[in-house]
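Written below as structure tokens is the structure these notes are about.
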Amino acid sequence: MTETTIPMLPCRTSLIDSVVAFYSALGFDTTYLQKSPYAYAVVERGAVELQLYGMKEYDPASSHSGCYVLTEDVDGLHTAFRAGLKAAYGRVPTRGLPRIGPLKDMSYGVRQFLVTDPTGNTIRIGQPISEDPNHRPAPKETFARALHMADLFADSKQDLPGAARIIDRVLGLTDEEPTPVQRLRLLVLRGDIAQRMGEAERATELLEEAEAVPLDAADRASAGDALARLAELRD
């Protein structure tokens with residue numbers, strides 16, 4: 001016997017059309033849509049099925065709902081989703097609602113990105129990169145630990161102010177220095193957070209500082225994800 005799990009996600013009733021259009025941009029087919037007596041939609045992309053139900057007073061800004069999708073080609077999906085969103089919106093939305101996040105190798109053994117729909121549901125798309133599904137111990141080295149914790153706060157906990165405090169503290173240290181790659185990653189993540197928090201001027205300062213970090217060829221190779229995110233945030 002085979003069982004299937006289908007996530008049922010809340011949606012502000014007035015946004016049902018824009019939510020369906022968003023998933024269409026990601027390559028989902030709308031297999032069911034009703035407006036009355038209540039809003040309900042089903043979208044499918046291959047083996048992934050999401051069902052969305054309307055709530056009149058649902059607040060997208062305070063949403064914590066979502067689901068996790070495992071794939072064997074996370075880089076390919078990230079590229080396809082970005083292309084679909086750019087075609088639909090004229091740009092790749094990286095902050096606000098809807099938005100798509102950067103690719104990252106996470107401490108729990110997956111390479112993943114987050115995509116959030118117009119009503120606040122966050123779909124995590126991940127590909128295993130380790131046979132160990134457990135959280136790895138936090139690094140002991142100061143800046144590696146800060147990156148580890150800030151990533152968890154920003155993406156897994158959705159605590160942007162907490163992630164910002166972690167990064168601001170270590171960037172303010174005077175008795176230790178991060179490597180160039182660590183400094184770049186910290187500045188890019190902090191700039192990303194500042195944009196998402198609506199701090200445009202602060203974000204610009206951080207991203208300009210990130211662009212000025214001197215990197216050699218080996219550094220640039222190891223910081224590929226961060227450099228790609230920097231270019232996207234500066235666009």
**Q.** Met8 and Tyr40: CA distance, side-chain angles, deciding distance, side-chain contact (heavy atoms from CB on, under 4.5 Å) verdict
**A.** CA-CA 10 Å; Met8 298 178 66; Tyr40 204 93; 3.2 Å; yes
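- Considering every non-hydrogen atom in both Phe113 and Leu103, the closest pair reads CD2-CD2, 3.8 Å.
- Minimum interatomic distance between Leu184 and Ala210 (heavy atoms only, all atoms of both residues): CD1-O, 3.5 Å.
- Summarising the geometry of Ala223 relative to Arg185, their closest heavy-atom pair is CA-NH2, 4.1 Å, with the distance given to 0.1 Å.
- Side-chain contact of Tyr53 with Gln51: a donor-acceptor pair under 3.5 Å is absent, judged by distance alone.
- Closest approach of Ala150 to Ala163, counting heavy atoms only: O-CB, 3.6 Å.
- For the pair Val110 and Tyr68, the tightest heavy-atom approach, listed with the atom from each and the gap, is CG2-OH, 3.2 Å.
- The NZ atom of Lys86 lies 13.0 Å from the CD1 atom of Ile100; values are rounded to the nearest 0.5 Å.
- The main-chain N or O of Leu233 is found under 3.5 Å from a side-chain atom of Gln195 such that the two form a donor-acceptor pair.
- The number of heavy atoms from other shown groups lying within 6.0 Å of OH (Tyr89) is above 12.
- Minimum interatomic distance between Lys104 and Asp151 (heavy atoms only, all atoms of both residues): NZ-OD1, 2.8 Å.
- The aromatic rings of Phe28 and Phe81 sit tilted relative to each other, their planes meeting at an angle between 30° and 60°.
- In the model, Ser63 has a side-chain atom that pairs as donor or acceptor with a side-chain atom of Tyr58 under 3.5 Å.
- Using a cutoff of 4.0 Å between basic side-chain nitrogens and carboxylate oxygens, Asp29 and Arg45 are not scored as salt-bridged.
- Between the side chain of Arg220 and the backbone N or O of Ala217 there is no donor-acceptor pair closer than 3.5 Å.
- Looking at Gln127 and Thr71, their side chains never bring a donor and an acceptor atom within 3.5 Å of each other.
- A salt bridge is defined here as a Lys NZ or Arg NE, NH1 or NH2 lying under 4.0 Å from an Asp or Glu carboxylate O, and Asp225 with Arg111 meets this definition.
- A salt bridge between Asp17 and Lys35 is present, with a side-chain N of the basic residue lying under 4.0 Å from a carboxylate O of the acidic one.
- Side chain of Asp155 to backbone of Leu152: no donor-acceptor contact under 3.5 angstrom is found.
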